[in-house]
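When a ligand or atom number is given, it counts from 1 through the structure's own listing order. The figures here come from the full heavy-atom set of this structure, side chains too, leaving out hydrogens, waters and symmetry mates.
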Amino acid sequence: MKKTLMYLAAALMFSASIAGAQSFPNKPIRLIIPFPPGGTTDIVGRLVAERMTRELGQPVVVENRGGGGGSIGAAELARAAPDGYTLGISTVSTMAVNPACSDKLPYDALKDFAPITNLAIVANVLAVHPKVPAKDMKEFLALLRAKPGRYSYATSGTCGIGHMIGEQFKVSTKTFIVHIPYRGAGPALNDVLGGQVEIMVDNLPSSIQFIQTGKLRAYAIAWPQRLASLPDVPTFAELGLKDVNDPAWYGLIAPAKTPPDVLRRLHDAAVKVLAQPDVKERFRAAGAEPVGDTPEHYAQTIKTEYDRMVKLVKVQGIKLDQ
Ligand code: GLU
């Protein structure tokens, strides 16, 4: 009798968990974007949220939680209930550079999250306000060398990927420019477009429209080859700056301990979205390559990037001057 009851209880629990997975999602999902509007995190996050809404049959509602170089939004996700109803966009900054820069972060990038998939690998760009009197990288370097410290560069924040690229650029070219961190690429771009700061180091999707319309002048992109959407802009590697030729990436993550069947449902939806031809086209036109890999593969990317950034920050002696 006791045994029968135990079997019954086990069978009930099993069918409850199947029912849970089948009914997920049965209410709206929050997607935390750890940077303000106007940046690439927002651009990637909003497109994916809109399409996942269609795939999942429930609204995926975007919430911008900028600040602290992405760490405020990432910490909020780490504290959220692991039920699949709060997700986040992960960036190189929140998962690798911030943790490499500081041991006082309010979350553990490698333990507090369940990676779902890498959404896109994204080109980076160094661009200036058109008033800067240098038509290409050669003239730009001559200008920087003639006036060390005269020019400043804006980025999405201290210990963001833009900051790392800016500092690597300084080391590789033996130049000195001053770093001005913002809460995200959106606010940083506002000041560069207005001419208050001359230089922008950004992820390409947020800057590309301004480059194509002449409001910014791009000197180089960090990408394996030139892009069809910016055919005249060389890669850093072409210019002999291999170490600066570093792309960024944006992924989808959930709090650690989110049930595996829920994670699988979210993964399948994200991968379907990334396979849609117009999504691919929109990413590619902006200088991003859709990914859609397995959670294991994405977790490995995060770990590899983290190890690399620890090295870049601590061992190679890149000075984080803010
Ligand atoms: N990719 C940037 C970073 O991780 C964020 C850009 C933005 O969305 O503002 O630093």
Side-chain angles (χ1 to χ4, degrees), residues 31-49 62-75 77 88-102 105 107 109 113 115 118-127 153-169 179-193 197 199-210 216 221-223 244 246-253 283 286-289 291 298 301-302 305-306 308-309 312-313 318 320 322:
L31 179 66
I32 297 178
I33 295 196
F35 287 93
T40 297
T41 324
D42 190 70
I43 295 172
V44 170
R46 279 179 195 274
L47 177 57
V48 168
V62 159
E63 274 184 33
N64 293 90
R65 285 273 185 273
S71 63
I72 291 175
L77 179 67
I89 299 291
S90 44
T91 77
V92 186
S93 309
T94 59
M95 304 305 276
V97 200
N98 275 318
C101 279
S102 162
L105 276 191
Y107 63 90
F113 304 110
N118 195 356
L119 297 166
I121 302 181
V122 172
N124 292 311
V125 65
L126 188 151
Y153 75 104
T155 74
S156 62
T158 300
C159 286
I161 184 74
H163 188 191
M164 298 314 291
I165 289 186
E167 294 304 302
Q168 182 67 62
F169 174 79
H179 179 224
I180 317 258
Y182 287 78
R183 287 179 71 241
L189 271 170
N190 280 345
D191 276 10
V192 178
L193 291 167
V197 179
I199 307 164
M200 178 80 200
V201 181
D202 195 11
N203 313 116
L204 191 54
S206 34
S207 279
I208 194 164
Q209 55 167 318
F210 304 114
L216 291 176
I221 55 165
W223 199 243
V244 194
D246 199 15
W249 41 254
Y250 293 85
L252 185 66
I253 53 172
F283 273 135
E289 190 58 33
V291 182
Y298 182 40
T301 301
I302 293 169
E305 191 84 23
Y306 171 77
R308 210 166 64 85
M309 289 299 166
L312 200 63
V313 170
I318 290 194
L320 300 172
Q322 300 292 329

Note to self: I'd like the residue list for ligand 1, meaning every protein residue with a non-hydrogen atom under 4.0 Å from the ligand.
What the structure shows: Phe35, Gly39, Thr40, Thr41, Thr91, Ser93, Ser156, Gly160, Ile161, Gly184, Ala185, Asn203, Tyr250
Item checked: Partner set under side chain to side chain donor-acceptor pair (under 3.5 Å) for Thr94, not counting sequence neighbours -> none
Next item on the list: Please step through side chain to side chain donor-acceptor pair (under 3.5 Å) for the pair Asn190 and Tyr182, ending with a clear verdict.
Entry: CA-CA 10 Å; Asn190 280 345; Tyr182 287 78; over 6 Å; no
Notebook entry, point to check: Hey, does the side chain of Thr40 reach the backbone of Ser206 with a donor-acceptor pair shorter than 3.5 angstrom?
Noted result: yes
Next item on the list: Over all heavy atoms of both residues, which pair between Tyr153 and Gly162 is shortest? Give the atoms and the distance, please.
Entry: CE1-O, 4.0 Å
Next item on the list: Would you indicate whether the side-chain heavy atoms of Asn98 and Tyr107 approach each other to under 4.5 Å?
Entry: yes
Next item on the list: Please report the closest heavy-atom contact between Glu305 and Ala96, naming both atoms and the distance.
Entry: CG-CB, 3.6 Å
